[in-house]
Enquirer: 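This is the structure, below, for whatever I ask next.
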Amino acid sequence: MKTALSIILLSLSLLTVQTATASTVHAVTSMMAASMKANSQQQKLKVHSKEQALQLAKRQYRGKVLKVQSSRVNGNPGYSVKLLSNDGVVFYVKVDAKTGRVSRN
């Protein structure tokens with residue numbers, strides 16, 4: 001009787017470990033797939049960082065950069081750059097990360 005009970009408990013323990021392992025493998029696989037998808041989308045972008053966005057904005061529009069933040073531009077990922085012109089006017093420039101297009105609001 002004790003042997004049969006031991007075998008049942010051992011079987012249940014192994015089943016639990018196997019189920020937990022399968023869940024872990026599934027979670028890791030899902031995370032890897034999401035990471036690969038995000039990496040693939042980022043590779044399609046022409047502007048990959050805030051620093052690139054501010055360089056593009058400064059190249060096209062003169063002024064002191066006050067702030068750069070991520071935003072949506074025409075439905076695409078992008079950046080909003082807040083600038084102060086030499087004559088004291090604050091204005092915003094949008095940089096579309098997908099196309100690299102720079103536009104002033």
Side-chain angles (χ1 to χ4, degrees):
M1 184 73 162
K2 285 184 178 181
T3 305
L5 184 58
S6 296
I7 292 174
I8 292 171
L9 289 174
L10 181 62
S11 297
L12 287 173
S13 297
L14 290 174
L15 182 62
T16 302
V17 169
Q18 185 178 18
T19 303
T21 303
S23 296
T24 302
V25 168
H26 178 72
V28 169
T29 304
S30 295
M31 287 176 14
M32 287 176 59
S35 176
M36 289 172 57
K37 183 178 178 184
N39 191 27
S40 171
Q41 289 176 343
Q42 187 174 15
Q43 288 178 352
K44 294 178 186 177
L45 300 178
K46 292 191 177 185
V47 180
H48 298 280
S49 67
K50 289 181 180 183
E51 290 76 20
Q52 280 183 304
L54 81 85
Q55 290 300 322
L56 287 170
K58 283 181 72 171
R59 190 179 303 153
Q60 192 162 341
Y61 299 99
R62 300 279 182 206
K64 178 180 178 182
V65 175
L66 301 175
K67 186 176 184 179
V68 181
Q69 65 184 31
S70 299
S71 69
R72 301 295 288 179
V73 180
N74 299 324
N76 296 325
Y79 301 92
S80 177
V81 183
K82 184 177 182 181
L83 294 150
L84 176 64
S85 70
N86 293 335
D87 57 351
V89 177
V90 175
F91 63 99
Y92 292 86
V93 172
K94 297 287 185 178
V95 179
D96 187 318
K98 187 173 182 180
T99 64
R101 183 173 293 150
V102 180
S103 60
R104 183 174 173 170
N105 285 358

Enquirer: Do Leu54 and Leu84 sit in the same hydrophobic cluster, where Ile, Leu, Val, Met, Phe, Trp and Tyr count as joined when their side-chain heavy atoms come under 4.5 Å apart?
Expert: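 No, no single cluster joins them.
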Enquirer: Could you pull out the closest heavy-atom pair between Pro77 and Leu45, with the gap in Å?
Expert: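 Minimum heavy-atom contact is CG-CD2, 3.9 Å.
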Enquirer: Grab the two heavy atoms, one from Lys50 and one from Tyr79, that are nearest each other, plus how far apart they are.
Expert: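 Reported closest heavy-atom pair: CG-CE2, 3.6 Å.
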Enquirer: Would you be so kind as to tabulate the donor-acceptor pairs closer than 3.5 Å made by side chains of residues 55-73, with sequence neighbours excluded?
Expert:
from: Lys67; atom 1: NZ; to: Gln69; atom 2: OE1; distance (Å): 3.4
from: Arg72; atom 1: NH2; to: Gly75; atom 2: O; distance (Å): 2.6

Enquirer: Pairs in or reaching into residues 96-105: which pass side chain to side chain donor-acceptor pair (under 3.5 Å), with residues at least two apart or in two chains?
Expert: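 The answer is Asn76-Asp96.
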